[in-house]
> 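Okay, handing you the structure first.
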Amino acid sequence: MDSNKINSPDDIEGLKELAIKEIENKKDLVTEVSDKIWEYAELSLKEYKSCDLYCEVMKKEGFDVEKGICNIPTAFRAKFGKGKPVIGILAEYDALSGLAQKRACTEKEIYISQEGTGEDAGHGCGHNMLGAGAMAATLGIKKYLEESRREGTVILYGCPGEEGCASKAFMARDGEWKKIDAALTWHPEDCNEVVTGSSNSCIQVRYTFHGIASHASATPEKGRSALDAVELMNIGVQFLREHMSDRARVHYAITDAGGVSPNVVQSNAQVLYMVRANHVGEAVELQKRVDKIAEGAALMTETTFTREFVDGLSDTVTNRTLEEVAYKNFEKLGVPTYTNDEFEFAKKLAHTYEEHDGIPGLGTPFDPEYKKEIEALKKKKAAECAFERAMNDFLLPHFTKDAFEPGSTDVGDVSWQCPTLQIHVAAWPNGCPGHSWQNVSSGGSSIGHKAELHAGKVLCATAIDLYEHDQILKEANEEFKERTKEGYVCPIPDDAIARV
Ligand SMILES: [Zn+2]
Ligand SMILES: [Zn+2]
């Protein structure tokens, strides 16, 4: 490559082609890593083998690897290049309990891998693919940095415990995401789209009440019931609901009712609370009001309580500038294509759940016109072939109105510290439920392998645009500043430790 020509548009495309080709060349490695992580199926913060595998592979690929960053043993940083801009690619690799499932299988069939921890776990959120796809992007970017000889750094971030502890929020507390110029990531989904809009911030706190045990009939006056405190706390929260914002949510589960004997005054009882709001600052404030209700319940029952922070994460700050760049690259690269066998597999899998003929896309619940557009696209695609197309093998138009995901992701905390982009790539059939055995099955199949490789290519091409055009990052940063002007309130207390 002639370095004099590097900044002309043609050469940017040439460099992208080289980087994409590199990802193709690394296909076997990417697939192998994805399959191994699928087999390991390690739960949040127990991803020792998965983390070791990434660190080992990245070292071999010429990256500087640091394991156990931000005091989280299974988090890592794998860095290549030097100087600015610094682009972070986010990988996740934790599995979910109760979802052990045979790969590429269209029936629910429990499979507990010899390679795994022996737990009944499976990659029900597709994080085996998520990590492998992020790694693929990073390898492509490394090739680009070498070929272009341009200044810039890429970091593959190993972010464990997405399902169980929100490690990215802990990393945000340490200011990790402030050190980079942009973060790019993806998530396996049932369709191909660039993600926009926000999600809910979420904070979990466990309250354990302590009372005095006593014979409930002989000496009730001597007892102080911890279970009463839990019940009164829950009632107090029911009254709080009238005075909080519409989009806020409060969920609870009684995790210890203090025993099974009604004739004993319960000396201990425990309740786990989850507070969600559209903005992290609001969630933190709402959570403080729940704390006050716990104090009130303790006062009323003459009990005491301990409060234990479990985890917390923030809402997502969207970045249209990055979305537009990603969309152009996605359009250019197209979407994964499938063999007849893969379509057949997808069709069979899709018929194991109800919603297989729904209309995909994060924008569809918010805009009837957009929904109609997707419906028409689906019909057009369906007319092109004789059999049922359970896979959404087209790119959804970029949704540019407000979208809101009531669920939560710790990518939110990254997005409060640097411009952040997410895309979805179809990794399972249309309408496939989240956290399901069907996800585990598809994520271990050739459809999953295609998704991760493709996601890697789109993220890589997007990153190249960011290295090549200072203006894009400048605009992304201006937008980021505007959208985060109210300030980031980290939901993680200073003394909290990442755990599950
Ligand atoms: Zn999940
Ligand atoms: Zn996930």
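Owing to the predicted nature of the structure, the values given are computational and were not obtained by experimental measurement. Numbering of ligands and ligand atoms starts at 1, following listing order.
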> Under the ring pair (Phe, Tyr, Trp, His ring centres under 6.0 Å) rule, collect the residues that match up with Phe404, sequence neighbours excluded.
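Phe404: no ring pair (Phe, Tyr, Trp, His ring centres under 6.0 Å) contacts found.
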> Number of protein N/O/S atoms less than 2.8 Å from the Zn ion (ligand 2)?
3
> Which is the closest N/O/S atom of His435 when seen from the Zn ion (ligand 1)?
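Nearest to the Zn ion (ligand 1) within His435's N, O and S set: NE2.
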> Inspect the contact between Lys36 and Glu32 and indicate whether a charged nitrogen and a carboxylate oxygen are less than 4.0 angstrom apart.
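Yes, charged N to carboxylate O under 4.0 Å.
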> Evaluate the ring planes of Tyr54 and Tyr93, with Trp represented by its six-membered ring, and classify them as parallel (under 30°), tilted (30 to 60°) or perpendicular (over 60°).
tilted
> Side chain to side chain contact (heavy atoms under 4.5 Å, CB included) with Ser201: which residues, sequence neighbours excluded?
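Only Val280, Ala283, Asp315 meet the side chain to side chain contact (heavy atoms under 4.5 Å, CB included) criterion with Ser201.
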> Going by ring pair (Phe, Tyr, Trp, His ring centres under 6.0 Å), name the residues that satisfy it together with Tyr157, two or more places apart in sequence or in a different chain.
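By the ring pair (Phe, Tyr, Trp, His ring centres under 6.0 Å) rule, Tyr157 matches Trp177.
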> Apply side chain to side chain donor-acceptor pair (under 3.5 Å) to Thr208 and Gln270, showing your working.
CA-CA 4 Å; Thr208 307; Gln270 193 182 72; 2.9 Å; yes
